[in-house]
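Right, one structure below, let's go through it.
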Amino acid sequence: MSIRLGFAARHLGPVGTEREEMLAATGFSSLEALVDAAVPAGIRLPAALDLPEALTEHRALSRLKEIMGKNRVVKSFIGQGYHGTHTPGVIQRNILENPGWYTAYTPYQAEIAQGRLEALLNFQTMITDLTALDVANASLLDEGTAAAEAMSLALAGKPKGTTIFVSDRCHPQTLDVVVTRAEPLGITVETGDWKTFDPAGCAGLFAVLVQYPDTRGRVDDFTAFFAKAKAAGAATIVAADLLALTLLKPPGEFGADICVGSAQRFGVPFGFGGPHAGFMACRDELKRKMPGRLIGVSVDARGKPGFRLSLQTREQHIRRDKATSNICTAQVLLAVMASMYAVYHGPEGLKAIAGRIHRRAAALKASLTASGIAVEEGAFFDTLTVKVPGKADAVIAAALASGINLRRFDADTVGVSYDETATCAEAAAVTAAFGTKPVTTCGCGGGQEWPAGLARTSPFLQQKVFNSYHSETEMLRYMKRLESKDLALNESMIALGSCTMKLNATSEMMPLSWPEVANIHPFVPADQSAGYREMLETLEGWLATITGFAAVSLQPNAGSQGEYAGLLAIRRYHLSRGEGHRNICLIPVSAHGTNPASAVMAGMKVVGVKCDAKGNIDVADLKARTAEHAANLSALMVTYPSTHGVFEETIREICEVIHAAGGQVYMDGANMNAQVGLTSPGAIGADVCHLNLHKTFAIPHGGGGPGVGPIGVAPQLVPFLPGHGELPNKEGAVCSAPWGSASVNTISWMYIAMMGGEGLTEATGVAILNANYVAKRLAPFYPVLYTGNQGLVAHECIIDVRPLSDQSGITVEDVAKRLMDYGFHAPTMSWPVGGTLMIEPTESESKAELDRFCDAMISIHGEISAVIQGESDASDNPLKHAPHPVEAVCGNDWPHTYSREEAAFPLPYLRRHKFWPAVARIDNVHGDRNLVCTCDSVQAYAEGEMLKS
């Protein structure tokens, strides 16, 4: 398994003598011997992975450049929810291409995540202001899934009905995602013309959904329609264009209860469909059922305002099958980019951009109508629908000859959607494609093309942050100040169990900024995306080989979406066999909280399965539950290695029990980093498995998104993979774009291409080595809760803090906060077992970094022991008051019995370099009881202090 040259040597932490020392410490002579002992022989692969030989970084980049060069980069005025945009260079270089932003984890540890929490609060403020609604979340996966989540939110608030009306002028991909979501929940989707639909005459109506402006470009006034819908007891949902809302009357002012959409055109490239930040805003009374993450404001232990995740934080782990959604992530990096776009341009800049786009569209309409060409009647913002009987293909071909894509509705109808990248020459070319000439030179003059009643009159983005940083100098410094408040992988190891925070190599990230990757609209003609399709097909094949499955779909754009898509495939499989009654999903009680939430979304009923004292699935209980529900058994959801970090010896027997009863086995791929090259879901006996490319295959976590959650399936489930309106298989779309967050798949392509089969397999072995090395070092101080053969763990270990807590009163949260003073993000806390820490070091961490982390944990053990022995005050000690920000350590007032040095520099390495938490410990209870979710309120709340920082 040993590789000394090539990219693998850069990716792997311990090599050479470091690895030998670690192996000796764990009691093994070689990595192969350790793997043989840790991984059950009965599930090992019989042969090496059949993957191409590893490429060097330069060769991999050259090869990918060659493939993506097969794309044809032209200007796309297709619209349909995706628009060209200029990403400001200062944002591209300092957010998108900056590991200080893209390698951070979800901001569960608020004290070391204040920078992106502030940026996300800016995003929420931007959304609430533009939509004129009360509360917005910190982003969702895309516009289509946001609409589906809005439907579920409306159903949670109006539980008596089961029918939703969706306007036929919504984007078609949004309708498709809503239909997919509705079917297993027993929801009827009625579509049609909103102008003729009568809410009062629709029995069981619980919501209506309209598009604003709609997919054909028309801007309508929904005030009266929404009043009728509300009178009929229905919630009102708007899918809106965020940029249009700078000029148009916002949804909150014409009766919307919920508004969703995409922030893509706020500086985020097409990326062949993603990733992009979807958004959701709602009225105040719905906020506690809103899916996704919500950033709020609280106070720290010193009374200083600080940001935190509010309300829904890790909701699925608490409510499980009663959760309102399975969404446990967001699109943080993209939401940050969009918020910074608004910060940089400010309200006047955004209005200027929107106005310029609208005037171009107005100029095109004037030219067309002057030539007798019919344009669909009604107000519009940036999109025109043009009637060209029998000539649509000719018009589109003429435009393409000038390097421009237009939208084909049918043989008689063409759509044109302008964006901020449109030039005067391109506008002239579009006009010429219709066989006419511009009546104005550039469309830079003229007024608005909508009634005064639809014009926006309310102010927006008046907060200081949106009116302060319009020079590049000030913008650069603002982003740097926020970045410096966050701990990411460029600072230290983030050993979060079940999260796999491995290296996101620079060479893997570089292609994201290539024009042939960034600037491809998801709905371009197939010949224009040949490079993307080849790259994606290759990646799907590699992943199928790695997982042992027949086929892979890359469409799901998060792990939670992968779970949902995999369970839908199982559901559709049973329905195809006339066994739609199979709706029981068995789930171990230790499972990730999204598992039961996803099962419910897929129309299943959850039945729990016990775990034994060693953390393994209780096979006897599994057999009993299977026998009890055999007639209706749909699936078992199982994580492997287990959520307790152990390779279960009985996994094949477990799969056989389920199959014998007619069920399918769904494997959660959260722990795939312990399988690659050694075993596989297919070899073990699973029928479907979702992967987390943002874990195992090197896509960065982005501070809480993006992610990619593809699913691999056995042959019988291949026909039931997610489809899309742009694909041969039209049914079962789970997100807006055919390949989901397509652009970031280049990262995983690069990772696999540079590692090769041998490198990937070695990485798995090193991940197991690193986890066992940490377990060995910490075992004398903290019990390792679950182990397998020869006392070994898989790729992660759980250490038990409870015995120390019982003696000292020091909680696992105290330990987590104290780790910040040592320069580390805490491991996964109190999951899957309360009062414990789950540590996953990954293969990318060196022995030096592992030792630094272990030294910190051992030092903390000493601090706890001092409390137990009475040497340190039980309530006034470094753990109870952690973390210690610099202003506390350097301030005139020091009320503690321990020294400032003990607080800030408990180990010598911290004197060479120290990361300082931005705030003291955040009061979570105060934040939920006094919910503040916009930055204008922060200014009032903190008298401006947070925005001066």
For side-chain hydrogen bond (donor to acceptor under 3.5 Å, both in side chains), just list the numbers for Thr594 and Glu563, CA-CA rounded to whole Å, side-chain angles, deciding distance to a tenth of an Å, and then say yes or no. CA-CA 8 Å; Thr594 57; Glu563 290 182 16; 2.6 Å; yes

List the steps and the verdict of salt bridge (Lys or Arg N to Asp or Glu O under 4.0 Å) for Lys623 and Glu653. CA-CA 10 Å; Lys623 291 179 177 179; Glu653 179 187 359; 3.0 Å; yes

Could you please spell out the steps behind the side-chain hydrogen bond (donor to acceptor under 3.5 Å, both in side chains) verdict for Gln716 and Gln664? CA-CA 10 Å; Gln716 75 274 14; Gln664 300 281 285; 2.8 Å; yes

Answer yes or no: does atom NZ of Lys614 have more than 12 heavy-atom neighbours from other residues, nucleotides or ligands under 6.0 Å? no

Assess the residue pair Gln264 and Gln331 against the criterion (side-chain hydrogen bond (donor to acceptor under 3.5 Å, both in side chains)); give the C-alpha distance rounded to whole Å, side-chain angles, the decisive distance to 0.1 Å, and a yes or no. CA-CA 11 Å; Gln264 177 267 317; Gln331 297 280 27; over 6 Å; no

Tell me, please, which residues at least two apart from Tyr532 pass side-chain hydrogen bond (donor to acceptor under 3.5 Å, both in side chains). none

Under 3.5 Å donor-acceptor pairs involving side-chain atoms of residues 535-545, not counting sequence neighbours:
| residue | atom | partner | partner atom | Å |
| --- | --- | --- | --- | --- |
| Thr538 | OG1 | Glu534 | O | 2.8 |
| Thr545 | OG1 | Gly541 | O | 3.1 |

Other residues, nucleotides, ligands: >12 heavy atoms within 6.0 Å of Asp50 CG: no

Taking ring-ring contact (aromatic ring centres under 6.0 Å, His included) as the definition, give me every residue that meets it alongside Trp194, ordered by chain and number, with sequence neighbours left out. Phe222, Phe225

With sequence neighbours left out, what residues match Asp618 under side-chain contact (heavy atoms from CB on, under 4.5 Å)? Lys610, Ala620, Asp621

Partner set under ring-ring contact (aromatic ring centres under 6.0 Å, His included) for His795, not counting sequence neighbours: none

Solution key, residues 717-728 side-chain donor-acceptor pairs under 3.5 Å, sequence neighbours excluded:
| residue | atom | partner | partner atom | Å |
| --- | --- | --- | --- | --- |
| His724 | ND1 | Glu726 | N | 3.0 |
| His724 | NE2 | Ser736 | O | 2.6 |

Test side-chain hydrogen bond (donor to acceptor under 3.5 Å, both in side chains) on His644 and Asn616; report intermediate values, then the result. CA-CA 8 Å; His644 293 116; Asn616 299 321; over 6 Å; no

Distance to the ring centre below 6.0 angstrom and angle to the axis at most 45 degrees; does that hold for Arg181 and Tyr564? yes

Using 30° and 60° as the class limits, which term best fits the ring planes of His521 and Tyr82: parallel, tilted or perpendicular? perpendicular

